[in-house]
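Structure provided below as structure tokens; questions to follow.
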Amino acid sequence: MLERQAGGETSRRWELYRVLAEPLRLRVLALAAEDELAIGELSDLLREPQPNVSRHVQSLKRGGLLAMRKQGTRALVRVEADALRDAVIADAVAAGRRLCAADGSLVRLPEVIALREQEARAFFASNDEVRSPGVDFDTRAHLLALGMLLPRRKLAIDVGTGDGRLLHVLAPAFSTVIGLDRSQRQIELAKQSLGTTAYKNVELIQAEYDDPAVLGRVDAAGGADAVFASRVLHHAPRPGQMIAGLAHLLRKGGGALVVVDYATHEDESLRTKQADVWLGFSADELRGFAEEAGLTDVQVQQVRHAHGAPGPDGHLDWQVMVARRA
């Protein structure tokens, strides 16, 4: 029995050593340990033909070293969570990292990640659509989220406020409302949307959510009671990192993050029509992002699409996630 066990273990280890004997696989492994990456992104980073990269990815996947998930027609890979517990694999990742540092692919990684939102930035910089502030499908989702919040409503932040439609919902409910958007054009649209309503408690700021000026403004207020991110997560180059950043805006001891975004779908056309980076998220993905950010009491509820809803995304199911800062 001992021989059989030893033989089986030896066979598995030899297979692992065989998989790790190729320098390109070490580089793939190291980059996939840094971030979840599409096959095309790995190809760009490694400056290798995509079929060649795919072949090596498959070898690493069969060896249990890489996990793969589909997003429409794209395949994304990352290092398996348990793989790095193996000392041999951890050493292989370290060796691959040295190779990637030498060939420059590690330095180029942030540039490749940033390309994910390049089209989105251009899209929103040129988007001139101002939608009605009436209670539509989008607003229904936010009203559902409001019902899941604690009563305290001193400060609310609308991240990626766009045309400002959510401001019409938040302004009557919170003492102070800040609408953030990185696009000057979108801030102008939000001003048009507010029109003559002249909410005295609404402030529009052109900035990223992690801008030092924004962080200082929020810290001075003791943190936000609620942060809303509606249809912005699928434009984020690193969704998990964005959730973590939004969590830091929350008031300690119960501040709530509300994320409204698409459920997982297969409509690749939205990459072109709306510069979407991600084709929605599963409930488990949203929960995972929130829990990794240290948020608690995570709730996710699906909002079924409205029949005949307008817009290129009117046929999609949405999700509302509410999570709180402990």
Side-chain angles (χ1 to χ4, degrees), residues 138-162 164-182 187 190 199-236 238-262 281 283-303 318-326:
D138 191 6
T139 307
R140 281 170 45 209
H142 289 103
L143 290 173
L144 170 62
L146 280 171
M148 299 160 69
L149 292 174
L150 292 174
R152 176 172 166 141
R153 296 174 185 174
K154 185 177 179 181
L155 171 63
I157 302 174
D158 180 21
V159 177
T161 194
R165 70 167 70 187
L166 181 55
L167 301 176
H168 295 270
V169 177
L170 299 179
F174 288 85
S175 300
T176 302
V177 177
I178 297 175
L180 293 178
D181 206 291
R182 64 191 180 189
I187 290 293
Y199 294 117
K200 302 295 184 183
N201 60 332
V202 175
E203 180 181 357
L204 295 174
I205 302 176
Q206 181 193 357
E208 300 276 4
Y209 64 88
D210 55 356
D211 187 283
V214 173
L215 296 176
R217 171 80 169 78
V218 174
D219 285 343
D225 295 297
V227 173
F228 290 80
S230 176
R231 296 196 304 178
V232 297
L233 196 63
H234 61 263
H235 290 295
R238 289 186 171 112
Q241 182 178 333
M242 182 176 191
I243 293 294
L246 297 179
H248 284 298
L249 297 175
L250 296 172
R251 170 180 57 83
K252 294 180 181 178
L257 172 62
V258 179
V259 174
V260 179
D261 218 297
Y262 306 138
F281 306 93
D284 286 342
E285 284 179 297
L286 293 180
R287 290 192 190 94
F289 294 150
E291 290 167 0
E292 287 177 11
L295 298 174
T296 61
D297 300 329
V298 183
Q299 304 174 61
V300 181
Q301 185 167 336
Q302 191 173 61
V303 182
W318 294 14
Q319 293 181 101
V320 177
M321 183 192 80
V322 176
R324 292 179 173 80
R325 185 173 180 180

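Residue numbers start at 1 and run along the sequence shown.
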Inset, instruction - Indicate yes or no for a side-chain donor-acceptor contact from Q319 to the backbone of V300 under 3.5 Å, with no hydrogens or angles considered. - result: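 No: the side chain of Q319 does not pair with the backbone of V300.
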Enumerate donor-acceptor pairs with a distance under 3.5 Å from any side-chain N or O in residues 283-294 to protein atoms, sequence neighbours excluded.
{"unit_1": "D284", "atom_1": "OD1", "unit_2": "R287", "atom_2": "NH1", "d": "3.1"}
{"unit_1": "E285", "atom_1": "OE1", "unit_2": "S282", "atom_2": "N", "d": "2.8"}
{"unit_1": "E285", "atom_1": "OE1", "unit_2": "S282", "atom_2": "OG", "d": "3.4"}
{"unit_1": "E285", "atom_1": "OE2", "unit_2": "R69", "atom_2": "NH1", "d": "2.9"}

Legend entry - Distance in Å, R182 CZ paired with L180 CG, rounded so as to fall on 0.5 Å steps: 12.0 Å
Legend entry - Considering all heavy atoms, the nearest F174-K154 contact: CD2-N, 4.0 Å
Inset, instruction - State, yes or no, whether a side-chain contact exists between L167 and Y199 at a heavy-atom distance under 4.5 Å. - result: no
Inset, instruction - Mind listing the closest non-hydrogen atom pair of V214 and Y209 along with its distance? - result: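 Nearest pair, atom of V214 first, then Y209: CG1-O, 3.8 Å.
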Legend entry - Nearest heavy atoms of A171 and V202, plus distance in Å: CB-CG2, 3.8 Å
Inset, instruction - Kindly indicate whether the side chain of L249, heavy atoms from C-beta on, has any atom under 4.5 Å from the side chain of L215. - result: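 The answer is yes, as the side chains (C-beta and beyond) meet within the 4.5 Å cut-off.
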Legend entry - Set of residues satisfying salt bridge (charged side-chain N to carboxylate O under 4.0 Å, His left out) with respect to R217, sequence neighbours excluded: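 Result, salt bridge (charged side-chain N to carboxylate O under 4.0 Å, His left out) vs R217: E203.
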Please set out all donor-acceptor pairs under 3.5 angstrom arising from side-chain atoms of residues 255-262, sequence neighbours excluded.
{"unit_1": "D261", "atom_1": "OD1", "unit_2": "H234", "atom_2": "ND1", "d": "2.6"}
{"unit_1": "D261", "atom_1": "OD2", "unit_2": "L233", "atom_2": "N", "d": "3.1"}
{"unit_1": "D261", "atom_1": "OD2", "unit_2": "H234", "atom_2": "N", "d": "3.2"}
{"unit_1": "D261", "atom_1": "OD2", "unit_2": "H234", "atom_2": "ND1", "d": "3.3"}
{"unit_1": "Y262", "atom_1": "OH", "unit_2": "Q274", "atom_2": "NE2", "d": "3.0"}
{"unit_1": "Y262", "atom_1": "OH", "unit_2": "D313", "atom_2": "OD2", "d": "2.6"}

Legend entry - Which atom of L170 lies closest to which atom of A156, heavy atoms considered: CD1-CB, 4.4 Å
Legend entry - Close side-chain approach of R325 to L295, heavy-atom, < 4.5 Å: yes
Inset, instruction - Compare every heavy atom of H168 with every heavy atom of P172, then report the nearest pair and how far apart it is. - result: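 Looking at all heavy atoms of both residues, the shortest contact is CD-O, 3.3 Å.
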Inset, instruction - Indicate the atoms forming the closest heavy-atom contact of T161 with A190, along with that distance. - result: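 Distance-wise, the nearest heavy atoms are CG2-CB, 4.3 Å.
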Inset, instruction - Output yes when D225 and R153 qualify as a salt bridge under the 4.0 Å nitrogen-oxygen rule, no when they do not. - result: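 No, D225 and R153 are not salt-bridged.
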